[in-house]
Every structure is written in structure tokens, then in C-alpha cells.
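Here's a structure for you.
All ligand and atom numbering here is 1-based and tracks the order in the structure. As a basis for the values below, the full set of heavy atoms in this structure was taken, side chains included, without hydrogen atoms, waters or symmetry mates. Fair warning: this is a prediction, and the values are worked out from it, not measured in the lab.
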Amino acid sequence: MFPVEKFRSLPTPFYFYDVALFRRTAQAALSEAQKYGYIIHYALKANAGEKLLRLLSGMGFGADCVSGAEVQRALSCGFSPESIAFAGVGKRDDEINLGIDHRIFSFNCESEQELEVINELAKAKGAVAHVALRINPNVDAHTHAHITTGLDENKFGINLWQLLDVAKKVKQMSNLKLVCIHFHIGSQITEFSPFTELCAKVNELQGQLEQAGVTVEHVNVGGGLGVDYEHPAEHSVPEFAAYFATLNRHIKLRPGQQLHCELGRSIVAQCGSLITQCLYVKELQKKNFVVVDAGMTDLIRPALYGAYHKIENITPQRAAEKVYDVVGPICESSDTFDKDVTLPQTQRGDLMAIRTAGAYGEVMASRYNLRQLPKAFFSDEV
Ligand SMILES: *Cc1c(COP(=O)(O)O)cnc(C)c1O
């Protein structure tokens, strides 16, 4: 599936995006959401590449941003301001002003103080800012601790015990309009039970808010749908049908209410691979190492979360296999992509693909060790 011969002329390491798969995936998500009239705001933080963003905005996706720079990027790549949700626990004043000036769909607010600040900034401009309350529903996403966001112990969102109080206060703030309640319980969620539990919580909270005289036009259940890191070829497109059917079965929307979600990883993960080259093979008594030219600066997920990515040697295969630790060149022991990987016997110069790297890969790259940032190439351009 990889154009290995063409890769020979490209400078490794680099990200390679399968554009046909990307389109297929985005289209699948969109059609499944449209069955129920749901709206998807693509979460830019998973991958903010301009080419991919332009494709998504052209297809009719909305955007979910977590910084002013992401809001700018979404606007410059064709997303309409009224499709932009802006989340994050620490929005700066200049970032808020940018959103107010463009009249974005919603500021997803995470504290009472943030609401007060947005109200003041909107007042100074004579504007009314549309806000959502990001509610921390205390639902366990059963995923990695570093990417769980919906528990009381997490820094995110407004806790349940404050909710009614905060909702009533927002109604008093003259330059805010409460349009939405927002949730996001975590990422790489591979069972549907956390989503079912979230829906039940949303239903319960809607009831409580209504009793307190608070109604909203929109409900946003965030992102989090996981992908299959073990079997990228077999499960190249995530289970969007089951995901949206689960939401539809369990959420009770009020008449006229619109459901939104913010998928990131599931839209973009499988279409991206990090392509790297074997620099050295170290065969020691107890271990064999393949030292590649990509490092944690190009893809930090294994070092940061202990995340698994399938590694393939994509050079025309040799029959004999060997077990290797695949490591990068960075001066950190955590710069290891995987241990005890069975690969065809590998040699200096072999090309390798680290799969399912389209989400939270290129966007997290750093210049540690003064390395160059990895470039991106696309299947329809190489
Ligand atoms: C990160 C994030 C998302 C996207 O999560 P995925 O797991 O990539 O789908 C959506 N909403 C918010 C608020 C986020 O922080």
C-alpha cells in the first residue's frame, strides 16, 4: 500500500497521509452523523494540517479549537465562524476577543471566573458571546489516565455540585447567551459503555437544569471515539455507525435541540504513518535494536503515554524474522517506539512505517535536540 520506491527520494523521517483513506473516513463519519442530523466539529488539535482541514471544511465539518491559533487556522482553512467551538481551561483574553470578534458558535467554558471574564470582554465590545457550560460529568472513560478528562479529579469542566449555581449566574450575565451544554470525557475510548453512561448523565442533568429554568438549544458530547492501533489495515475506518447509533439510542434530546460532537482522533489517525529509515542494527547478546531516524520528537505518544503503534518494515520482505526493540536517536531512554517487535530481518537503509500516527503525531512534534520538524507528504502528491 505504500509507494516505497517514491519514498526513496524523500527525506526521512516524514509523515505520510493516505488522502483517499482520509476522505473515505471523513465521509463515513459525516454520513453516519447526518442520519440523525448530528453535527461534527472536527477537533483540530488531533491534526491541524492545512490540506486536511480544507478537505474537512469543504465537506461541511465544523471545527473544535483549543487555542486562539487553532481558531485562526480553522478560519483560514475555510471553516465558518458559526461552526467553531472553542474549548480549553485556560483561554487568554486576546484569544477570547478573537472569538468574540468572529462571533463563533460557542465558548466552551470551564469555570465561573472564565464566564465572568468573557462577559466583561463581550460587554466592552457591545457584543453578546455564545457560551456552553463544559460540565464534568464524573464518567469514567476507561482509557489511559493521561487522556481521561471527565472525572472529578480532572482539571476540566464545571463540577456537578456547582452546575445549577453557575447556570443561574450565567443567566444574569447580560453579555452572554447560554446556548449549549458540553461534555468531553476522554480520548481513545474503545468500548461504548462510557458513551452510554454519558448519555444517561446528560439526560439527568437536562432534567435538573430545566427544573431550575435553564434550557439550551444545543448539546455537545465531545469526542473520544477510539481507533484500532493493533490492526490498522483491518480496521482502517472506525465504527462510526455504532458510535452514532449508541448516541441516538441513549440520548434524549428536547424538541428542536441539536446534537454536536467533536471527533478528532477517529477522523485522522489511521490515514497517517510516520515513515522512517533504519540507521543501524545493534545485535547484542540479550537484545537486538533497530535504531531509526525518527524519534520521540516526531511522535511522542509512545514516550508520553506508553502508547502502542504498529511498526512495519515496508522494504520488500525478507523471509527470516527477528525480534527487535525499535528505538530513536534522541538522548532519552523513553525514546523507544516499541519493544520485542517481530520484524523481517532488518538492515541499514530499510524503510519502516509507524502506523496510525495521523492523530496527535505531527502536531506534537518538537525541536528537542535541535532536530528539524518532520515534513508531511500526501498520497495524491508524491
Ligand atoms: C481533545 C478534545 C476532543 C477530541 O478528542 P478525540 O479523542 O481526538 O476525538 C474533543 N473535544 C475536546 C474538548 C477536546 O479537548
Checklist entry - When the ring planes of Phe244 and Tyr38 are compared, do they come out parallel, tilted or perpendicular, using 30° and 60° as the limits? => result tilted
Item to check | Glu234, CD atom: more than 12 neighbouring heavy atoms under 6.0 Å | outcome: yes
Item to check | Nitrogen or oxygen atoms of Tyr360 and ligand 1 under 3.5 Å apart | outcome: yes
Next on the checklist: With heavy-atom distances below 4.0 Å as the criterion, list the atoms of ligand 1 near Leu263.
Outcome noted: 9 (O)
Next on the checklist: In this structure, would Ile330 and Val291 fall into the same cluster of hydrophobic residues linked by side-chain contacts under 4.5 Å?
Outcome noted: no
Checklist entry - How does Ser187 reach ligand 1, if at all, at less than 4.0 Å between non-hydrogen atoms: by side chain, backbone, both, or neither? => result both
Item to check | Gly223: numbered ligand 1 atoms lying under 4.0 Å from its heavy atoms | outcome: 9 (O), 10 (C)
Next on the checklist: Using a 4.0 Å cut-off to any heavy atom of Gly224, which atoms of ligand 1 qualify?
Outcome noted: 5 (O), 6 (P), 7 (O), 9 (O)
Checklist outcome for this item: A student checking ligand 1 against Arg265 at a 4.0 Å heavy-atom cut-off should list atoms 6 (P), 8 (O), 9 (O)
Checklist entry - What about Arg134: any of its N or O atoms under 3.5 Å from an N or O on ligand 1? => result no
Item to check | Nearest-neighbour protein heavy atom for atom 11 (N) of ligand 1, which is reported as residue plus atom name and distance | outcome: Glu262 OE1, 2.6 Å
Next on the checklist: Return the OG to CZ distance between Ser111 and Phe156, rounded to the nearest 0.5 Å.
Outcome noted: 13.0 Å
Checklist entry - Is the ring centre of His218 less than 6.0 Å from the ring centre of Phe105? => result yes
Item to check | Close side-chain approach of Leu21 and Thr25, heavy atoms under 4.5 Å | outcome: yes
Next on the checklist: Please check whether Gly264 reaches ligand 1 - meaning an N/O of the residue sits under 3.5 Å from an N/O of the ligand, judged on distance alone.
Outcome noted: yes
Checklist outcome for this item: Within the 4.0 Å heavy-atom cut-off, what Asp64 brings close to ligand 1 is side chain
Next on the checklist: Could you identify the single nearest non-hydrogen protein atom to atom 14 (C) of ligand 1 and state the distance to 0.1 Å?
Outcome noted: Lys45 NZ, 2.8 Å
Checklist entry - Taking the inter-plane angle between the rings of Tyr17 and Tyr15 on a 0 to 90° scale, is it parallel (under 30°), tilted (30 to 60°) or perpendicular (over 60°)? => result parallel
Item to check | Under-4.0 Å heavy-atom contact with ligand 1, by part of His184 that carries it | outcome: side chain
Checklist outcome for this item: In ligand 1, the atoms that come under 4.0 Å of a heavy atom of Ala43 are 3 (C), 4 (C)
Checklist entry - So does Arg8 have more than 12 non-hydrogen atoms from other groups sitting under 6.0 Å from CZ? => result yes
Checklist entry - Phe86 vs Phe107 aromatic rings, parallel, tilted or perpendicular, using cut-offs 30° and 60°? => result tilted
Item to check | Sub-3.5 Å N/O-N/O distance, Ala87 and ligand 1 | outcome: no
Checklist entry - Strictly by modelled atom types, are Tyr360 and Asn47 linked by a side-chain donor-acceptor pair under 3.5 Å? => result no
Item to check | Phe156 touching ligand 1 at heavy-atom level, < 4.0 angstrom | outcome: no
Checklist entry - Hey, does Ser266 sit under 4.0 Å from ligand 1 if you only count heavy atoms? => result no
